[in-house]
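Down below is the structure, laid out as structure tokens.
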Amino acid sequence: MKIWSGLPGDDPQRDREGTEAAIDAAGIDLDPVPPGHHRHEDVVHADGHAHPHQHSTPGEPPLIGIVGGGAVGTALGVALTRAGWPVQAISSRDPDRRAAMRLKVDGARAFAEPQALIEEVELVILAVPDDAIAPLAAGLRLYSGQAMIHTSGALGAEVLAPAMAAGTQVGAFHPLVAFADTERAVAALHGATIAIEGDDQLATLLAEMADALGATAVRLAPGSKAAYHAAAVLAAGGFVALLDAIVELGRVAGLDEAGSLAIYGPLIEGTLGNARALGVSAALTGPITRGDFGTLGAHLATLKEHAPGVLALYVAAAQREIALARGRGDLAPETASIMAITLSEALAWAD
Ligand SMILES: NC(=O)c1ccc[n+]([C@@H]2O[C@H](COP(=O)([O-])OP(=O)(O)OC[C@H]3O[C@@H](n4cnc5c(N)ncnc54)[C@H](OP(=O)(O)O)[C@@H]3O)[C@@H](O)[C@H]2O)c1
């Protein structure tokens, strides 16, 4: 820390800094921006002029900026750049993540502040956690001609409205991919589905962007996004929870995780293949379709004794299987209802 001493006039530089500090503390702006104008660092512009200061060539992809150095931001940055949709800028609040992302996303400029990135690009992608999207958008301001999208599967594009100004557009671009690892996610984008939102002009651009990634764009019916996303969560996280339960039961049978995956993996793949070929209902097999009480009782007993944590999941799946088997005409109504009661009682005893 620098300690000043001496009288006023001894050091003009110190006096000037002291005066500026006092003016600053009093909230006086010595260089005010005229009404109808705004400032970017040292430059003052009239409001309503189009940003950014650089533009893509007509017919070329837009200048893209990605906010957030997490799983999705990084993988999209890599995938878009490789697909010939160069990412002009990235922003990450964390210096290490910022450096790592810049290394991976070839040619991108790196910023700590999202608003600084907005000065440089035409299409802003917010790849931040769902809960952070609305507060982040509320602190940002788009310029005429720009668009902003987020990558959430749960939220609509309207959460970005606070960042809008005249002549701007907002949308969403949700890849149905589990972003666990950058390279695996980049590969998985090929053949994936991407749910897009936006008015027609932006949706056309986003569909082209999905196409460049080797993915297929879909436009969801208004109001259906939460259900679409809940299904995706069951297909990814829900399926992992099911796998975890399978592995736990495999341990009871003396298998380690790799052993369980080796043994039950082909059964899972075969079931998925059957569902694709025959339909979901026709793919159902197992003791419930046969009304086999003895096997059901043996399963419930062993689960209670050796894997009580799996019981609720087994019961929930079995109740759904009963409904499917009933719908298929395999189970008489009385058999179905006794099985359902047996399952509910097993759960109640476990509590
Ligand atoms: N993960 C998936 O499989 C997946 C799949 C499809 C869609 N999505 C969606 O994609 C979005 C991002 O998910 P993700 O998995 O990439 O998340 P993530 O790995 O947790 O990364 C999000 C990044 O956002 C930044 N961030 C976090 N909190 C913030 C805040 N309060 N304000 C500003 N920035 C913040 C952080 O980057 P910095 O610290 O670098 O700034 C963080 O690394 C979410 O909407 C998610 O629903 C995820």
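Fair warning: this is a prediction, and the values are worked out from it, not measured in the lab. Computed over heavy atoms, backbone and side chain alike; hydrogens, waters and symmetry mates excluded. Indexing begins at 1, ligand by ligand and atom by atom, following the structure's order.
There is no protein heavy atom less than 4.0 angstrom from atom 17 (O) of ligand 1.
Ranking protein heavy atoms by distance to atom 34 (N) of ligand 1, first place goes to Val128 CG1, 3.5 Å.
Below 4.0 Å from some heavy atom of His174 lie the following atoms of ligand 1, by number and element: 6 (C), 7 (C). The Asp130 neighbourhood of ligand 1 comprises atoms 44 (C), 45 (O), 46 (C), 47 (O), with distances under 4.0 Å to a heavy atom of that residue. Set against the non-hydrogen atoms of Pro175, the atoms of ligand 1 under 4.0 Å away are 6 (C). Interface of Thr151 with ligand 1, defined as ligand atoms under 4.0 Å from a residue heavy atom, comprises 7 (C), 8 (N), 9 (C), 10 (O), 11 (C). The Ser92 neighbourhood of ligand 1 comprises atoms 38 (P), 40 (O), 41 (O), with distances under 4.0 Å to a heavy atom of that residue.
Within the structure, the salt bridge (Lys or Arg N to Asp or Glu O under 4.0 Å) test picks out the following pairs touching residues 299-328 (sequence neighbours left out): Arg328-Asp330. Annotation: ring-ring contact (aromatic ring centres under 6.0 Å, His included) contacts involving residues 243-270, sequence neighbours excluded, are absent.
Side chain of Thr302 to main chain of Ala298: no donor-acceptor pair is present (N/O by atom type, distance under 3.5 Å, no hydrogens or angles).
Between the NZ atom of Lys104 and the OG1 atom of Thr81 there is a distance of 13.0 Å, given to the nearest 0.5 Å.
At a heavy-atom distance under 4.0 Å, atoms from both the backbone and the side chain of Ser152 approach ligand 1.
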